[in-house]
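The structure appears right after this line, and notes come after that.
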Amino acid sequence: MERVLSGIKPTGQLTLGNYIGALKNFPKFQDQGETFLFIADLHALTLPIDPEVLRSNSRDLAAFYLAAGLDPKKCTIFRQSAVSAHAELNAILQNFLYMGELSRMTQFKEKSQKLNENAIGLGLFAYPVLMASDILLYDANVVPVGDDQTQHVEITRDLVNRFNNRFGPVLTMPKAVVTKVGARIMSLSEPTKKMSKSDPKGDIYLKDDLKVIRKKIMSAVTDSEARVAYDPENKPGVSNLLQIYAALKDISIPEAEKLFEGSNYGTFKGAVADVVCDVLGNLQQKYQAFIASGEVERVLEEGAKKAREVANNTLHRVQHAVGLL
Ligand code: AQP
C-alpha cells in the first residue's frame, strides 16, 4: 500500500499557491493509501517568527486541512514538533548530507539572500535534512509537493541511496508527486515570481475577503496584447491566470484557453475571479466552522499519537542500523 506524506509550514497566512499546489490535492491521497499530513512548525522556526503568530498559524493550518476535505478518520494530521522522532532522526541524518550539496539548494540561496549575512540560521541551511527526516520516518513512497519543493525530495533520494548502500535496505525511497496543473502559481503583481506566504506582493490569501480577492484579480498584471493564450515566457500574467482557472475547474490548460478564445481581458479576469471566489468562499465557510467547533486541538492530539507509533518504529530501525541500539 502507498504511504503518503506532505506538510506545510505555518510561516504566514496560506495563499492560493499553497491551496492549488498542495492543499487541494491532499484529500485525493487519503483514499489511495495511508496518508500523513503535518504542520511543519519546526521548519517555520528557520526564519524569525513571533511565537503567538506561529501558534495561531498552526491552528489555522490544521483548520484549513480539515476544511479542504482531509478526514481524520482516513488520514493522520499532526504537528511536527509533537513527534520528537523528527528531531531525533534529524540528529542522525545530518551526518549523511554534505555541506556542498546543501549550499546548492535553491530555497536556501533565495531565502538566505534576504537575510543579513551574519544572521543566517543553521536550521535554514540544514532544512533539507529535517525534511528528509519527515519523509523517511513514515516510509513515505509518495510525497505530494509543489514545484519548488521537488529539489528537497531529490536530495532525500540521494540520502536514501547513500544510507542504504552503507547499512542495507533501511530507508524507503520516496518520490515527489507534482500536480499537473498549478505546480507553481505566480504573484499577481509580478507574475515571474512565485506566489509565496512570506512575500505578500501579489498574493491572494485564503482568508482574504472575497471582495478583496476579486479586486486583486481584476487588477492582476497582464500585457498589452489582449489575447488569452498560454505562453509563460511572453505572457506570464495571462498564463498564470489561465493556470489558476484550469486548476480550480479541474480542466487542462488547453481546455481553459479554448474557453476564452476571443474574450477580452476584462471578461477573462471576471471569470477567473468568479471561480476563485466560489472555491475560496466555500473553503472559508468550512474553515470558520472548524475553528468554531473547537475540534482542531483534539484532531492534532489524536494525530500525534498515531504518528508517534509509526515514526518511533522507523527511528528504532535507523538507530539499530547505525549502532545506537
Ligand atoms: N506559488 C505556489 N504554487 C504552487 N505550489 C506552491 N506551494 C507553495 N507556494 C506555491 C506549495 O505549498 C506547499 C507548502 O509549502 P511550504 O509552506 O512548506 O513552503 P514553501 O514551498 O516555501 O511555500 P511558501 O508559501 O513559499 O512559504 P514561505 O513563504 O514560508 O517559504 C509545498 O508543497 C509548496 O510546494
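All values below come from the heavy atoms of this structure, side chains included, with hydrogens, waters and symmetry mates left out. Predicted, not measured: the structure shown is a model, and the values here were computed from it. Counting starts at 1 for both ligands and their atoms, following the listed order.
- Distance from atom 8 (C) of ligand 1 to its nearest protein heavy atom, with residue and atom name: N18 ND2, 3.1 Å.
- Geometrically, ligand 1 and Y127 share no nitrogen or oxygen pair separated by less than 3.5 Å.
- The shortest N/O to N/O separation between T15 and ligand 1 does not fall below 3.5 Å.
- Here is the list of ligand 1 atoms found below 4.0 Å of a heavy atom in V145: 33 (O).
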(message) Test side chain to side chain contact (heavy atoms under 4.5 Å, CB included) on H43 and T11; report intermediate values, then the result.
(response) CA-CA 9 Å; H43 284 287; T11 36; over 6 Å; no
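- Contacts between A22 and ligand 1, counted as non-hydrogen atom pairs separated by less than 4.0 Å, involve the side chain only.
- Residue M186 does not touch ligand 1, judged by heavy-atom distances below 4.0 Å.
- In this structure, atom 27 (O) of ligand 1 lies nearest to the protein heavy atom K197 NZ, 2.9 Å.
- Checking only distances, G17 does come within under 3.5 Å of ligand 1, N or O to N or O.
- Remark: minimum distance from atom 29 (O) of ligand 1 to any protein heavy atom is reached at S198 OG, 2.5 Å.
- A side chain to side chain donor-acceptor pair (under 3.5 Å) with T106 is found for one member of H152, K111, Q151 and no other, namely Q151.
- Of all atoms in ligand 1, numbered sequentially from 1 with element shown, those under 4.0 Å from a heavy atom of G182 are 4 (C).
- For atom 24 (P) of ligand 1, the nearest protein heavy atom (residue, atom name, distance) is S196 OG, 3.5 Å.
- No donor-acceptor pair closer than 3.5 Å links the side chain of N164 to the backbone N or O of P169.
- In terms of protein heavy atoms, atom 34 (C) of ligand 1 is closest to D148 OD1, 3.4 Å.
- Scanning A40, G146, A183 for the heavy atom closest to atom 4 (C) of ligand 1 points to A183.
- Counting heavy atoms from C-beta on, the side chains of M131 and I155 never come closer than 4.5 Å.
- Side-chain polar atoms of E190 and S187 form no donor-acceptor pair below 3.5 angstrom.
- Considering backbone and side-chain atoms alike, P144 places every N or O at 3.5 Å or more from each N or O of ligand 1.
- Taking atom 19 (O) of ligand 1 as the reference point, the nearest protein heavy-atom neighbour is K9 NZ, 3.2 Å.
- Residue contacts with ligand 1: I20 is excluded, as none of its non-hydrogen atoms falls under 4.0 Å.
- Distances between N or O atoms of K111 and those of ligand 1 include at least one value under 3.5 Å.
- The Q107 neighbourhood of ligand 1 comprises atoms 22 (O), with distances under 4.0 Å to a heavy atom of that residue.
- Under a hydrophobic clustering in which Ile, Leu, Val, Met, Phe, Trp and Tyr are joined whenever their side-chain heavy atoms come within less than 4.5 Å, directly or via other members, L315 and L97 fall into the same cluster.
- Looking at I185 next to ligand 1, an N or O pair under 3.5 Å apart turns up.
- Checked against the 6.0 Å centroid threshold, Y205 and F64 do not count as a close aromatic pair.
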(message) Please determine whether side-chain hydrogen bond (donor to acceptor under 3.5 Å, both in side chains) holds for the pair Q80 and D134, giving the CA-CA distance in whole Å, both sets of side-chain angles, and the decisive distance to 0.1 Å.
(response) CA-CA 8 Å; Q80 183 187 28; D134 302 333; 3.0 Å; yes
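- A donor-acceptor contact shorter than 3.5 Å is absent between the side chain of D203 and the backbone of T15.
- Nearest to atom 30 (O) of ligand 1 among the protein's heavy atoms is T11 OG1, 2.6 Å.
- The aromatic rings of F260 and Y245 sit perpendicular, their planes meeting at an angle over 60°, well past the 30° parallel limit.
- At a cut-off of 3.5 Å, with distance as the only test, no side-chain donor of N161 or D158 sits close to an acceptor on the other residue.
- In this structure, Q30 contributes its side chain and D71 its backbone to a donor-acceptor pair below 3.5 Å.
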